[in-house]
J.: 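So that we are looking at the same thing, I have put the structure below in structure tokens.
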Amino acid sequence: MEDKNWMIFAVQKSRLYVSRLFAIVILLLAIFTSHSFTQEGLLDITCEVTGLFLLTICSMGRLWSLLYISGNKSHEVITDGPYSMMRNPLYFFSSIGAVGIGLVSENLLILILIITFYAAYYPFTILAEEKKLENKFGEVYTDYKRKTPRFIPKPSLYNGPVLYTINANTFIKNFVNGMWFIWIF
């Protein structure tokens with residue numbers, strides 16, 4: 001069991017580097033491979049519009065999620081806003097954006113690689129983060145974990161405050177990082 005925990009933590013710790021390396025591979029594939037179907041056809045337009053729609057949902061959802069954790073996540077378990085409906089809204093919205101990137105690329109290889117990468121890599125990251133949060137916040141996080149789905153949102157659980165304080169500097173930094181999904185389009 002200890003070996004498994006070590007592997008999960010290693011995956012989580014290297015998440016940003018691995019994701020950036022994967023993004024470079026996808027970019028190179030996009031540059032050096034062609035579209036999987038005819039340009040300017042119905043499938044082309046459908047992929048572009050659907051991809052842009054998913055990228056918009058991703059960017060807006062990530063910004064909404066970042067509002068709630070900006071400057072707060074290291075002090076307490078965030079349970080309001082998108083975090084009231086699921087424990088990992090940033091990963092949820094990022095996965096939607098990743099599929100959007102795959103669709104706008106109009107390249108089936110890229111779409112399949114992106115879906116496979118997210119399905120294979122990010123569950124380990126989520127498990128590691130949950131273990132870290134359990135160690136840090138104890139029963140408060142365990143109780144939150146019992147009541148709140150891990151990845152698929154449950155809208156009936158939504159709870160949002162009227163006012164919420166954020167760290168503006170942290171949010172601005174996160175805003176720039178969060179918008180790269182839409183800039184890709």
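Hydrogens, waters and symmetry mates are skipped; everything else that's a heavy atom, side chains included, is used.
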J.: Measure from the side-chain N and O atoms of T116 to the backbone N and O of L113, and report whether any donor-acceptor pair falls under 3.5 Å.
T.: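 The answer is no, because no donor-acceptor pair under 3.5 Å joins these two groups.
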
J.: Between V25, L29, I115, L103, which is the residue that forms a side chain to side chain contact (heavy atoms under 4.5 Å, CB included) with I110?
T.: L29

J.: Test side chain to side chain contact (heavy atoms under 4.5 Å, CB included) on Y83 and N159; report intermediate values, then the result.
T.: CA-CA 9 Å; Y83 294 89; N159 179 36; over 6 Å; no

J.: Any donor and acceptor pair, going by atom type alone, linking the side chain of R87 with main-chain N or O of T148 inside 3.5 Å?
T.: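 Yes, because the side chain of R87 sits within donor-acceptor range (under 3.5 Å) of the backbone of T148.
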
J.: Applying the 4.5 Å side-chain criterion to the ILVMFWY set and letting contacts propagate, would L109 and L111 be lumped into a single cluster?
T.: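 L109 and L111: one cluster.
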
J.: Looking only at non-hydrogen atoms, find the nearest pair between M86 and P153 and report the distance.
T.: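 Shortest heavy-atom separation between M86 and P153 comes out as CE-CB, 3.7 Å.
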
J.: For K154, which residues count as a salt bridge (charged side-chain N to carboxylate O under 4.0 Å, His left out) partner, sequence neighbours excluded?
T.: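 K154: no salt bridge (charged side-chain N to carboxylate O under 4.0 Å, His left out) contacts found.
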
J.: What do you reckon, are the aromatic ring centroids of Y122 and Y91 less than 6.0 Å apart?
T.: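 So the answer is yes for these two rings.
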
J.: Where is the tightest heavy-atom contact between L157 and K147, given as atom of each residue plus distance?
T.: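 Heavy atoms only, the tightest pair is CD1-O, 3.6 Å.
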
J.: Can you find a heavy atom in the side chain of D143 that is under 4.5 Å from one in the side chain of V77?
T.: no

J.: Between atom CG of N107 and atom OG1 of T33, what is the distance when rounded to the nearest 0.5 Å?
T.: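 Between N107 CG and T33 OG1, I get 4.0 Å after rounding to 0.5 Å.
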
J.: Applying ring pair (Phe, Tyr, Trp, His ring centres under 6.0 Å), can you list everything that pairs with F92, at least two apart in sequence or on another chain?
T.: F151

J.: Which residues satisfy the ring pair (Phe, Tyr, Trp, His ring centres under 6.0 Å) test with F53, sequence neighbours excluded?
T.: none

J.: Do the ring planes of Y68 and W64 sit parallel (below 30°), tilted (30 to 60°) or perpendicular (above 60°)?
T.: perpendicular

J.: With a 4.5 Å cut-off on side-chain heavy atoms, are I96 and R62 touching?
T.: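 Not touching, per the 4.5 Å side-chain cut-off.
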
J.: Linking I/L/V/M/F/W/Y whenever their side-chain heavy atoms sit closer than 4.5 Å, directly or via other members, would Y144 and I152 fall into one cluster?
T.: yes

J.: Could you report the tightest heavy-atom contact between V99 and L54, atom names first, then the distance?
T.: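 The answer is CG1-CD1, 3.9 Å.
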
J.: With respect to I24, which candidate in L28, I26, L27 satisfies the side chain to side chain contact (heavy atoms under 4.5 Å, CB included) definition?
T.: L28

J.: Thinking salt bridges, do K136 and E129 make one under a 4.0 Å N-O criterion?
T.: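 No, K136 and E129 are not salt-bridged.
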
J.: Could you give the distance from OG (S65) to CE (M60), rounded to the nearest 0.5 Å?
T.: 11.5 Å

J.: Considering all heavy atoms of both residues, which atom of Y141 and which atom of E134 are nearest to each other, and what is their separation?
T.: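 Shortest heavy-atom separation between Y141 and E134 comes out as CD2-CG, 3.5 Å.
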
J.: Once you round to the nearest 0.5 Å, how far does CD1 of I126 lie from CD of E130?
T.: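 It comes to 7.0 Å.
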
J.: Return the minimal non-hydrogen interatomic distance between S94 and C58, and the atom names on each side.
T.: CA-SG, 4.2 Å

J.: Rounded to the nearest 0.5 Å, what separates atom SG in C47 from atom CG in L108?
T.: 7.5 Å

J.: Between P161 and D80, which heavy-atom pair has the shortest distance, and what is it?
T.: CD-CB, 3.7 Å

J.: Working to the nearest 0.5 angstrom, can you tell me the gap between I69 CD1 and H75 NE2?
T.: 12.0 Å

